[in-house]
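Here the structure is laid out as structure tokens; the discussion comes afterwards.
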Amino acid sequence: MTYFPEEVVEHIFSFLPSHSDRNTVSLVCKVWYQIERLSRRAVFVGNCYAVRPEHVVLRFPNVRALTVKGKPHFADFNLVPPDWGGYAGPWIEAAARGCVGLEELRMKRMVVSDESLELLARSFPRFKVLVLISCEGFSTDGLAAIASHCKLLRELDLQENDVEDRGPRWLSCFPDSCTSLVSLNFACIKGEVNSGSLERLVARSPNLRSLRLNRSVSVDTLSKILVRTPNLQDLGTGNLTDEFQIESYFRLTNALEKCKMLRSLSGFWDASPVCVPFIYPLCHQLTGLNLSYTPTLDASDLTKMISRCAKLQRLWVLDCISDKGLQVVASSCKDLQELRVFPSDFYVAGYSAVTETGLVAISSGCPKLSSLLYFCHQMTNDALITISKNCPNFIRFRLCILEPKKPDAMTNQPLDEGFGAIVRESKGLRRLSISGLLTDKVFMYIGKYAKHLEMLSIAFAGDSDKGMMHVMNGCKNLRKLEIRDSPFGDVALLGNVANYETMRSLWMSSCNVTLKGCQVLASKMPMLNVEIMNELDGSSEMEENHGDLSNLSKVEKLYVYRTTAGARDDAPNFVKIL
Amino acid sequence: MEDSKKRQALPQLLDLIPDEKEWKAREAQVPGRSRNTAFGAEEDKKLELKLGLPGFIEKDIAAMSRDEGIQQESPALSLGYFPKPSKSTTNSTTTGTKRGFIDTVEAKTKGCNEQKQQVRAGCGNKLALEEKIAAMSERKKGCCPRPSHAPPAASVRNSGNRPQAQGRGASAPVVGWPPIRSFRRNLANSNSSKQPPGPQNGETSATAKLTCKKNPLVKINMDGIPIGRKVDLVAYDSYQKLSVAVKELFHCFLEVQKDKSSAEGGQYGADEKIFSQLLDGSGEYTLVYEDNEGDKMLVGDVPWNVFVSNAKRLRVLRSSELSHGLIGAAPKRIANC
């Protein structure tokens, strides 16, 4: 192949869509490295601190689509202190200098400022796609900049971001000449939007396929919009309360009935149960349904709707649905592949209307189930074993028993056997989250059977370092390991350090690792950043006190990741990089 | 019996405070540990109530290293039955009585904190007994929306293992648990603070369910009683019924108090008198509440369903305190003390 002209090689490479394949070919020889890097169109950076933005831009000057992820996953649950890092600024600045052909930017768990959005909007004349997931640090003013200046904007997708609301003007900033929108998702925007602007924007966007509104949008506006978008495939509704007149709802149903391409529905917010039947005409064609933001619907409301959705593949719902409701889902939705059941009530801890019964029902009715996130208040080994046999195709299995360390509800045994069955039967398992009472045994099973596991989340589990060792030694494909409140210490941390080179990151909080252990790790593995976070004054104490006592003091939060960038220079006071 | 219990209870309570770090979740289940069995000794073997320890439920626990913290919290609130695998739990009883348990736990938290402040010898004993009563009557009462009538054995079977940080619910939850994104948590918060626009067609039936999710059980405390209760306002449909319920919740505590200290009249009928004038300000106690803006208000001014939406907390206040302005807000009516 080395004798082919570059164009041919490049063309061949274009058939390698996956990043890992392209990364591999770039290692073959210098020629291929050059060809590959100059023709690379999409780059995925799983940890923004693993590599310097300048280096990425230098190596791939022609990149069109850049994806960057920032904070560790546990930041979602407030375990990472604010101001830890994950700033989008350096990435946008580097791209603005080095690859102005950038068209798509996707960011997750990063801190994005309005200034950065402004820079983004002005720097890339062909910019088309902006996706921000669980980001923060910006306001609707930043969105206004994007709307105003990105003339070719196709996608503006804001998922669960924390956006400061500075008024509705941002939506009106889309110029009249902007007719290219394919996807617009502003469900997470808290404030109101101008319904006239929205209607006009939709009216001039004939390619719109995905539209997710926020709760401020009225039923009337929704109806008017839907009349303009008969080709809509994905809809997030505004609020569906019964403040509106019934005529509005009739109009809504009429409009919805015309949307023959509509497959995915979300939103609902504080939907009133009486309004939901107006959605029924859509149900038979839906493959995706997200009711997880809607605590106002009870089990019977939910089941009445879901029982009409025979083609459903993806369902996100609150636990109000109850075990009985899940039985209805199991009998109605035979094609179900992804299920997420969220808790509706955090205040009375340990209470959830779903138990193992609901999940067993789902597993027996929906054998195609491959992705699960399930919050419940109890589980049994028997149930998990049954589930594992009914559904051997799990790729993602995340079970959260609300009460930490809760044993099998029938036998009071640890849930080791249950999770063991899951990893044994689902050979393609890539992501696993475990909970409940668990000993080192479950980790033995995971290490032994979960050969394709890429991400593992552990909380309040295990007895000793052996547990973590099982995982580190057995799971060769592990990329992300995150652990909280488990008795793993330095022995486990240092047991198999070579692994950390092949992993993206390790998170350990409230475990038994000590400062000394972390220091040993840092000295053994210079290509890792070993970040330590102690509460408030913790880090300054470590500086002053060099006695043995402090070395044996436990590290509250540890974040280890491979990097070519060296220690980062934007770390706050409470982060110490060893 | 009281005295022997007192002798045993007091040293145990105090001893356990410095040694809490030794406690492990599973060891709490082992009846062999002397500290545990001392409490349980006099109880029916099946019931084996373990009483919470004042020292455990202090805020300091949050500051302690968490891996120990979770484990040590478990036995603290092992008020409940020890695992008896025979019983299978139905969904409703588990959830219903478990709530009862948690309410008791929260009540105990409050009681224990006040307990430390009082430092009265008699308190330990009273605390023990009150907690028992609270636990048992709470379980009998069950809670919204499913009153529990099944024997609580199954329901709180696993409570011995439960890290009680969870049981404290709103007061001191485990950080980042359950693992829900802030976006979702905030959504839940904003849902609970939003009030339904008012009863409308079709919404009335939904209101009960709405309030249940948005308005979890509200705490109610009575002056002079260290342990609070929780009420489900939705379960009552008038102020009168609430008043009756308040009486039911607290009269047993008052009885117990009368048994110990002969300060009160000791008449059985006295509590009738105490509770009868809760609403009109003329009795010994007055019912007040804290609304969703944090203000302390007199119960009875607004329509019942508005009250249910707005009330976040209730208090049975000594009417004498009303006039001293201790509740902070200007009383709407003059109390005749």
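Note that these values count all heavy atoms, side chains included, but never hydrogens, waters or copies made by symmetry. A note on names: the letters A, B, ... follow the listed sequences, proteins ahead of strands, and every chain is numbered from 1.
Neither the backbone nor the side chain of A/R398 comes within contact range of chain B; no heavy atoms are under 4.5 Å apart. Interface residue A/N78: backbone and side-chain heavy atoms are both found under 4.5 Å from chain B. Neither the backbone nor the side chain of A/S433 comes within contact range of chain B, judged by heavy atoms closer than 4.5 Å. Contacts of A/C275 with chain B are absent, with no heavy-atom separation under 4.5 Å from either backbone or side chain.
The only option from A/F460, A/F375, A/F77 that meets the ring pair (Phe, Tyr, Trp, His ring centres under 6.0 Å) definition with B/W177 turns out to be A/F460.
The backbone N or O of A/E160 sits nowhere less than 3.5 Å from a side-chain atom of B/R184 that would complete a donor-acceptor pair.
B/F183 places none of its side-chain heavy atoms less than 4.5 Å from the side chain of A/N161. When side chains are defined from C-beta on, B/S182 does not count as touching A/D162, because their heavy atoms never get closer than 4.5 Å.
The NE2 atom of A/H73 sits 6.5 Å away from the CZ atom of B/R181 when rounded to the nearest 0.5 Å.
Residues A/R484 and B/G176 approach most closely at NH1-O, 3.2 Å, considering heavy atoms.
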